[in-house]
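Only one structure is covered here, and it is reproduced in the block below.
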Amino acid sequence: MPAVAPRSGEAIFSSAERVNAELFTLTYGAIVRQLITDLEEVDEVNKQLDQMGYNIGVRLIDEFLAKSNVSRCVDFKETAEVIAKVGFKMFLGVSATVTNWDAEGTTCSLVLEDNPLVDFVELPDTCQGLHYCNVLNGVVRGALEMVSTCYLMLVLSSCHIIILV
């Protein structure tokens with residue numbers, strides 16, 4: 001039986017069932033707003049968003065592996081590229097750019113130029129320090145842990161994730 005070629009994120013995204021982008025964005029915003037109301041502390045909201053994302057990521061990796069036909073990545077650089085070009089495209093419909101590599105090749109940034117989670121979002125001054133898209137950090141962390149790839153990630157802004165080996 002011949003090996004199945006990996007599918008691009010674009011091909012998977014175009015063939016998948018989708019929800020309305022505005023509904024998705026507004027629903028996520030409502031979840032964040034409710035967390036702010038319930039938890040009151042921005043740091044606690046950031047932790048909760050990360051944990052929610054982590055729980056999603058540990059389940060999402062199975063779908064990613066089944067639909068993408070991606071084989072095991074040989075190094076960290078390939079892992080980052082697959083996340084940026086296939087993973088984000090497959091589930092969010094956008095690609096990320098991998099930038100800011102350190103000299104050892106152990107740290108990089110994934111930058112989303114067009115993040116669908118931040119459409120229609122305006123944060124009040126009371127939300128200083130809120131990592132609005134921290135759920136993405138958790139998703140990537142959870143997925144990577146399930147495939148025995150341990151990385152530490154930091155979200156610096158709504159469109160910028162740093163991955164450290």
Side-chain angles (χ1 to χ4, degrees), residues 6-7 9 12-13 16 19 24-25 27-36 38-39 41-102 104-119 121 123 127-165:
R7 296 178 65 196
I12 298 164
F13 182 75
V19 298
F24 175 72
T25 301
T27 301
Y28 181 73
I31 291 169
V32 173
R33 179 69 188 128
Q34 189 63 50
L35 287 173
I36 291 168
D38 292 348
L39 301 176
E41 294 291 326
V42 171
D43 289 339
E44 290 302 313
V45 174
N46 289 336
K47 289 177 189 175
Q48 186 64 37
L49 289 171
D50 179 72
Q51 186 60 46
M52 289 169 59
Y54 177 85
N55 292 338
I56 294 167
V58 298
R59 290 165 181 79
L60 211 58
I61 189 64
D62 290 330
E63 183 175 353
F64 172 79
L65 293 172
K67 290 184 178 179
S68 69
N69 298 323
V70 172
S71 60
R72 186 169 188 86
C73 296
V74 295
D75 61 15
F76 178 53
K77 288 187 180 199
E78 183 181 358
T79 300
E81 286 295 329
V82 168
I83 292 167
K85 304 295 185 233
V86 181
F88 279 110
K89 187 68 174 184
M90 181 175 167
F91 293 109
L92 288 179
V94 297
S95 293
T97 305
V98 182
T99 62
N100 301 328
W101 285 101
D102 68 352
E104 297 83 29
T106 59
T107 303
C108 70
S109 299
L110 299 177
V111 179
L112 293 170
E113 299 297 330
D114 183 30
N115 184 346
L117 290 181
V118 299
D119 291 343
V121 175
L123 296 175
C127 292
Q128 292 296 322
L130 176 67
H131 299 296
Y132 185 79
C133 294
N134 215 28
V135 71
L136 296 177
N137 179 32
V139 168
V140 174
R141 183 172 58 86
L144 289 175
E145 280 188 21
M146 291 301 104
V147 291
S148 300
T149 309
C150 297
Y151 299 107
L152 171 67
M153 291 177 294
L154 309 167
V155 174
L156 297 181
S157 70
S158 62
C159 300
H160 192 104
I161 300 172
I162 294 181
I163 304 177
L164 311 167
V165 173

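Bear in mind that the values here come from a model prediction, so they are computed numbers and not experimental data. Note that these values count all heavy atoms, side chains included, but never hydrogens, waters or copies made by symmetry.
- Between Leu65 and Val70, the shortest heavy-atom contact is CD2-O, 4.4 Å.
- Among all heavy-atom pairs drawn from Val42 and Gln128, the shortest one is CG1-O, 3.8 Å.
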- Quick one: do Asn115 and Val94 satisfy side-chain contact (heavy atoms from CB on, under 4.5 Å)? Show the steps, please. CA-CA 7 Å; Asn115 184 346; Val94 297; over 6 Å; no
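- Residues Met52 and Ile31 meet the side-chain proximity criterion, which asks for heavy atoms closer than 4.5 Å.
- When all heavy atoms of Gln48 and Leu35 are compared, the closest pair comes out as CG-CD2, 3.6 Å.
- Side-chain atoms of Thr97 and Leu110, non-hydrogen and from C-beta on, never get closer than 4.5 Å to each other.
- For the pair Thr107 and Asn100, the minimum side-chain heavy-atom distance is 4.5 Å or more.
- Taking all atoms of both residues into account, the shortest heavy-atom contact from Glu63 to Met90 is O-CE, 3.7 Å.
- Within the model, atoms CG of Asp50 and CG of Asn134 stand 5.0 Å from one another, a figure rounded to the nearest 0.5 Å.
- In this structure, Phe91 and Phe64 have tilted ring planes: the angle between them lies in the 30° to 60° band.
- Side-chain N or O atoms of Ser95 include none that pairs as donor or acceptor with a backbone N or O of Lys89 at under 3.5 Å.
- Asp75 contributes atom CG, which lies 10.0 Å from atom CD of Glu81 (distance to the nearest 0.5 angstrom).
- Looking at Val140 and Tyr54, their side chains never come closer than 4.5 Å, going by heavy atoms from C-beta outward.
- Taking CG from Leu144 and CD1 from Ile83, the interatomic distance works out to 4.5 Å, rounded to the nearest 0.5 Å.
- Across every non-hydrogen atom of Tyr28 and Cys133, the tightest pair is OH-CA, 3.9 Å.
- Residues Val118 and Leu112 are not in side-chain contact: their nearest non-hydrogen atoms beyond the backbone lie 4.5 Å or more apart.
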- Task: Show your reasoning for whether side-chain contact (heavy atoms from CB on, under 4.5 Å) applies to Leu130 and Val32.
- Result: CA-CA 10 Å; Leu130 176 67; Val32 173; 4.1 Å; yes
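- Judged by distance alone, with hydrogens and angles left aside, the side-chain atoms of Lys85 form a donor-acceptor pair with the main-chain N or O of Ala96 at under 3.5 Å.
- The line from CG of Leu49 to NE2 of His131 is 10.0 Å long, rounded to the nearest 0.5 Å.
- If you take CG on Leu60 and CG on Asn55, they are separated by 12.0 Å, rounding to the nearest 0.5 Å.
- The two residues Ile36 and Cys127 make their nearest non-hydrogen contact at CD1-SG, 3.8 Å.
- The distance from the CG atom of Asn46 to the CD atom of Glu41 is 11.0 Å, given to the nearest 0.5 Å.
- Note on Arg141 versus Glu145: salt bridge recorded, some NZ/NE/NH1/NH2 to OD/OE distance being below 4.0 Å.
- The closest side-chain heavy-atom distance from Phe24 to Leu92 is below 4.5 Å.
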- Message: If you apply the rule side-chain contact (heavy atoms from CB on, under 4.5 Å), what do you find for Phe76 with Cys108, and how did you get there?
- Response: CA-CA 9 Å; Phe76 178 53; Cys108 70; 3.9 Å; yes
